[in-house]
Structure formats: structure tokens, C-alpha cells
Visitor: 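I am attaching a structure below and will ask some questions about it afterwards.
Values below: every heavy atom of this structure, side chains too, minus hydrogens, waters and symmetry copies.
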Amino acid sequence: MDAARAMAHTRPLKEAILQAARDAGFAAARILTGLPAQKTGHPALLVTALSYGNGEEDRGAGEDPDAVLIAPFARRNYYREAVTRFQRLASGFRRDFG
């Protein structure tokens, strides 16, 4: 039995999911419950944050009034990084919890 699977059996599922999200580099991981019940059960929502600050100064548009501003999150494709991390989490959850 691998470490993630062993962890899943020794603590509640909610705690295992939150710890896995933190281990993947997400900050402030929370699980929201109390959402409207569905036919398949009681849904919950995993909410996380991915810090995209890298210590570099944001240069913005500078002096050029015609320059196109791009959000720092999009400039370095942190969205792709967040999606990739979530996909890894989901894969691990499917493997460990079915």
C-alpha cells in the first residue's frame, strides 16, 4: 500500500484531500459543504489558491498608452499550472478513493 493510500485509511477523507492539495502546492485549501443535495449525494467544493507571485516587479504597460495589459496570472500561464496540479490531484483521488 503506498503512502497516500495508507494516509487515506488513517484519517478522514476530508483531511486527506486537504493535505493532498497543500502537498500539491495549493495554499488556503478549504472544502465547502452545505451545497444543495443532488441525486448522487451531497456535493462539496474544494477551494484553493495558487500563489503566482515570483518576486519580479510587474512592469505593466510602462509609458506606452496603446500597450495591451495582460494579467500577471495569464502572462506566465499559471492557469495551466493550476489545471495540471488539479488533474494530478484528481488522478490520485480516483486511484486512492475510487
Visitor: Using side-chain contact (heavy atoms from CB on, under 4.5 Å), reason through R94 and S91 one step at a time and then give a plain yes or no.
Guide: CA-CA 5 Å; R94 279 191 298 273; S91 176; 4.1 Å; yes
Visitor: Look up atom OG1 in T48 and atom CD1 in I17, then write down how far apart they are to the nearest 0.5 Å.
Guide: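 Nearest 0.5 Å value for the OG1-CD1 distance: 12.5 Å.
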Visitor: Can you name the side-chain hydrogen bond (donor to acceptor under 3.5 Å, both in side chains) partners of R30, sequence neighbours left out?
Guide: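 With sequence neighbours excluded, R30 shows a side-chain hydrogen bond (donor to acceptor under 3.5 Å, both in side chains) to no residue whatsoever.
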Visitor: Within the 4.5 Å heavy-atom criterion, are L46 and F26 side-chain neighbours or not?
Guide: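 No, too far: nothing below the 4.5 Å cut-off.
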Visitor: Got a second to check how far T84's OG1 is from R88's CZ, nearest 0.5 Å?
Guide: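 T84 OG1 to R88 CZ: 6.0 Å, rounded to 0.5 Å.
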Visitor: If you round to the nearest 0.5 Å, how far is CD of E81 from CG of L50?
Guide: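 The distance works out to 6.5 Å.
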